[in-house]
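Reading through the structure tokens given below for one structure.
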Amino acid sequence: MNKKRLSIFASGSGSNAEKFFEHFKSHPEIEIVSIFTNNKSAGVIQRAERFGIPHHIYNRTYWETGEVIIDILKHEQVDFIVLAGFMLLIPGQLVSAFPNRIFNIHPALLPKYGGQGMYGMNVHKAVKAAGETESGLTIHFVNEAYDEGQILFQEKCQLDSTDSAEDIAAKVLKLEHKNYPKVVEQEVLKSI
Ligand code: GRF
């Protein structure tokens, strides 16, 4: 049987992407075939190189329609896409080409702290400013409305009133690393 083929999109450090490289390194049914980034100095590139995973760098212009990217994904016979800290909007054409086949992770408990401008540290600063006693992560499918696709998994963490936005980010990132590859694995296996 052919393995299911995943591509990871990331713009930054790529610590989540690395968890995927480790998790699926010798998986019998799923493999990571490539990464895409819009940022030529993203840490994820070096991490991918260490695991021998090919990378593609395409600047913002290419993500406006996504045509070139869709062609490459088709050529690589990619079945699922994993967004792991990818900072640009996924073009509608790409979403339509992969219906319920694009995963995203959001570092908060959606529908709270999602939508426009809610990415990276902005999320954790907003959680801190609101005096929340808990935050967490959400793993969901991507649809045209971005943070509004079907929710697949959430997990909470407790916050202390003394936690800074950076402390909150660290607590949530730990949950991301623990859960993201496993949740994607379960969903992909369902499709087999
Ligand atoms: C994660 O918190 C992810 O949820 C977010 O950006 C961060 C990416 O971190 N949207 P990394 O690049 O995986 O280290």
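When a ligand or atom number is given, it counts from 1 through the structure's own listing order.
Nearest non-hydrogen protein atom to atom 9 (O) of ligand 1 is N16 ND2, 4.0 Å. At the top of the distance list for atom 2 (O) of ligand 1, counting protein heavy atoms only, stands E176 OE2, 2.9 Å. If you check which protein heavy atom lies closest to atom 14 (O) of ligand 1, you get S15 OG, 2.6 Å. For atom 6 (O) of ligand 1, the nearest non-hydrogen atom of the protein is G85 CA, 3.7 Å.
The closest approach between any non-hydrogen atom of G14 and ligand 1 is below 4.0 Å.
K190 and E187 are joined by a salt bridge, as a carboxylate oxygen and a charged side-chain nitrogen come within less than 4.0 angstrom of each other.
Contact annotation: the side chain of S135 never approaches that of K171 to less than 4.5 Å [non-hydrogen atoms, C-beta and beyond].
Take H23 and apply the ring pair (Phe, Tyr, Trp, His ring centres under 6.0 Å) test, not counting sequence neighbours, and it matches no residue.
Taking the six-membered ring for Trp and thresholds of 30 and 60 degrees, W63 and F36 have ring planes more than 60 degrees apart, a perpendicular arrangement.
Without hydrogens or angle criteria, N122 side chain to G117 main chain gives a donor-acceptor distance under 3.5 Å.
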